[in-house]
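For reference, the structure is listed below as structure tokens.
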Amino acid sequence: MEDSNDPSDTVIAELMNPSVDRRLRDLPSLVVRSTSLVWEAARRELVVTAALQAVSSAALAAQLLIGRELLKYLLGLHAGEGLGGAVPDVLVLSGAVAVVSLANVVRFEYQQLLGELVSRHALERVIRVGSRVDLLSFESSQYHDRLRRAMFNASVRPLQLTTGVLSIIGSALGVLAIGATLLSIQPLLAVLAAVAIVPVWIMTLRAGRALYKFGFAQTARDRRRNYLEMLLTQKEAAKEVRGYELAGHLEATYRHLYELRIADLRTLIRGRMRQGVLGAVATSALSGGTLGFLIWLVASHRLSLASAGTAAGGLLLLGTQLQGLVSGVGALYESALFVQDFVSFLELGSATPAGVAPAGETFGDFTVLEADRVSFTYPTGTAPALSDVSMQIRRGDVVALVGENGSGKSTLAKILAGLYPPASGSVRWDGRDLGNVDPAELRSRTAVLFQDFVHFQMTALQNISMGRWQRIDDREGAELAARRAEADPFLRDLPSGYDTQLGPEFFGGVDLSGGQWQRMALARAFFRDAALVILDEPTASLDPRSEAQLFGAVRELYAGRSVLLITHRMASVRHADFIYVLDGGRVAEEGTHEGLMARGGLYSELFNLQASSFRE
């Protein structure tokens, strides 16, 4: 960028070099963020699931305490005594077991629902940011990497994230309940059991960090592999893939990229397995020491058999709960890619450029739209796409932009439409800098038809209504727009008329020709009913007769509106009110058709080249 204060610089900078390091001190903030995400998505389900966890943990502690009393009773029985006194304890113990079993069944089902709700919430937020982030971000490969990680992990990580959060909550409650029971029997046993799990805890954290780094490092390669997958399976590329016999070559490249991923994954798994074995061996040794200490307590008569049996059961249960706690932490660490990238990606959508007017503040249709010494360089560009460009569009005028490929025409159109911010210079709407205007307000007064327009796989009526979705029920207005774009005749001939599904991707869909799709896009521009209309190669797919009719009727069709017309068809711009000729990102010439032809410059040369090819 030429201007270091360009607001787009901030967006691009936020996409660069996110930290891939995760340390133990990050765990509290990670748990808070994760729990907050789950709470936002499904607070009722989270409360119910956590309550079931608490009930299950309390019932486990109750089993230990009742079991100790039952064991004391059984050990104190003398010959000839009945077991009637044990019946109440047995009933209560059976009830506690039933409560745990029932709570676990209900919790499992709620957990599935909870994961789905979190997934929906996460994907909706990622999509919201992705659909609103500055268009310039799409010119950065780093943005596409971040978007891929956010989308992929939003779809696959929420259940793991939810499981981790719930496992931590449930296991923590279980550890507290069982730990309190053990403390009442022999405090040192609880301490030793907690120490025994430390090696596994440490190895789990390391394994989580390793997985995060693996996922981060694979992003660009995975995105390239997915692109190849799209080329091999989607309609857009099917003709050339078959025409040039590319399938074998692309499949080999796809396979090679996948082999590289699997090779890296094997390395990761070997490392994680080594760490897991070390942690398991160390924990087993410490657990064995704890049991040895328990045996010593019994042998030295420092602990009764009843208390020892209860403590042994408690140690086993505590070990299970601690393992659950460690697994929860591990799940969160493995989900760190999702949590961190999800949160940081959402922050891209929360930033508002300084000086932008608040949403809802309106401004009227312009009398003069002016670009003043505008320059612009793409993030990946080595040279400016536009340099010191100045131009004017007056209300009701048809202004043409012409020039050779790469001269900057489409880039300038996007800047005038408020889709790109200029690196330097300004665009003013009746003297008001568009950099200080709410983008939504500006775009509501602009209709754009770019040469790579979208084929919406919707009904014909919905396709047109996308021009102003707030009026999606305005059938009469949509049909009027179709008539102005000369799309009405072929739309009425469709199986269900304007209600026909367009595009072959959905059942019953009808595909259109290139020229018919272009007329649909023109109808969208008409339906938008905006003060400024930008037409970028609007006749690229039309036949010569239709093209001539459209250009001849532009002034009538867009009466009272300002039109910026971008085209390579020099004969089509001769009736424009004013013509700007771009060359190498600069305004090389400007004037009317007659004046530019008389000057004998670049415009005249391009016009005569096209005219001579038709004459020949």
Side-chain angles (χ1 to χ4, degrees), residues 369 371 385-386 389 391-394 396-417 419 446-453 484-487 514-526 528 530 532-559 561-597 599 601-615:
L369 177 63
L386 295 173
V389 172
M391 66 173 297
Q392 284 188 351
I393 304 175
R394 295 187 177 277
D397 280 356
V398 176
V399 175
L401 276 182
V402 300
E404 298 179 277
N405 288 336
S407 59
K409 303 185 299 297
S410 294
T411 301
L412 179 57
K414 290 172 183 174
I415 289 175
L416 293 174
L419 298 175
T446 306
V448 292
L449 170 56
F450 294 114
Q451 50 189 315
D452 53 350
F453 58 86
R484 295 174 69 187
E486 297 187 1
Q516 289 173 328
W517 276 115
Q518 189 134 36
R519 289 199 178 279
M520 293 295 296
L522 278 167
R524 272 200 301 277
F526 284 125
R528 189 157 182 79
L532 173 64
V533 181
I534 299 175
L535 304 175
D536 188 356
E537 299 292 353
T539 62
S541 299
L542 299 183
D543 59 73
R545 184 188 301 277
S546 299
E547 177 186 3
Q549 291 172 347
L550 174 64
F551 281 125
V554 162
R555 192 178 301 277
E556 177 184 347
L557 291 171
Y558 291 103
R561 294 166 179 79
S562 302
V563 179
L564 178 64
L565 179 61
I566 304 171
T567 181
H568 287 93
R569 315 290 176 89
M570 306 299 291
S572 303
V573 302
R574 60 190 307 165
H575 299 301
D577 295 298
F578 209 76
I579 301 168
Y580 290 91
V581 184
L582 295 184
D583 183 29
R586 297 179 180 273
V587 176
E589 296 175 342
E590 58 183 87
T592 62
H593 169 76
E594 292 77 12
L596 291 172
M597 290 298 294
R599 187 178 302 172
L602 178 59
Y603 178 85
S604 176
E605 177 188 352
L606 295 175
F607 188 92
N608 288 326
L609 279 172
Q610 281 194 4
S612 65
S613 66
F614 283 108
R615 285 196 297 268

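FYI, the numbering just counts along the sequence from 1. Computed from heavy atoms alone, side chains included, the values below leave out hydrogens, waters and symmetry copies.
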Using distance only, find each side-chain donor-acceptor pair of residues 401-408 under 3.5 Å and give its atom names and separation, not counting sequence neighbours.
{"residue": "N405", "atom": "OD1", "partner": "H568", "partner atom": "NE2", "Å": "2.7"}
{"residue": "S407", "atom": "OG", "partner": "E404", "partner atom": "O", "Å": "2.8"}

Apply side chain to side chain contact (heavy atoms under 4.5 Å, CB included) to L419 and F450, showing your working. CA-CA 12 Å; L419 298 175; F450 294 114; 3.8 Å; yes
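- In this structure, the side chains of R599 and E589 come closer than 4.5 Å at one or more pairs of heavy atoms.
- The shortest heavy-atom contact between G396 and D577 is O-OD2, 4.3 Å.
- Checked against side chain to side chain contact (heavy atoms under 4.5 Å, CB included), A385 has the following partners two or more places apart in sequence or in another chain: F376, Y378, T411.
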Side chain to side chain contact (heavy atoms under 4.5 Å, CB included) assessment of L522 paired with L449 | CA-CA 7 Å; L522 278 167; L449 170 56; 3.4 Å; yes
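- A heavy-atom distance below 4.5 Å is not found between the side chains of F453 and E537.
- Inter-residue side-chain proximity for I579 and V399 is flagged as unmet; no heavy-atom pair is nearer than 4.5 Å.
- Between L416 and K414, the closest side-chain pair of non-hydrogen atoms is not below 4.5 Å.
- A donor-acceptor pair is defined here as one N or O able to donate and one able to accept, closer than 3.5 Å; no such pair exists between the side chain of R484 and the backbone of A523.
- Between D397 and S562, the closest side-chain pair of non-hydrogen atoms is not below 4.5 Å.
- Here the straight-line distance linking atom CD of E590 with atom OH of Y603 works out to 14.0 Å at 0.5 Å rounding.
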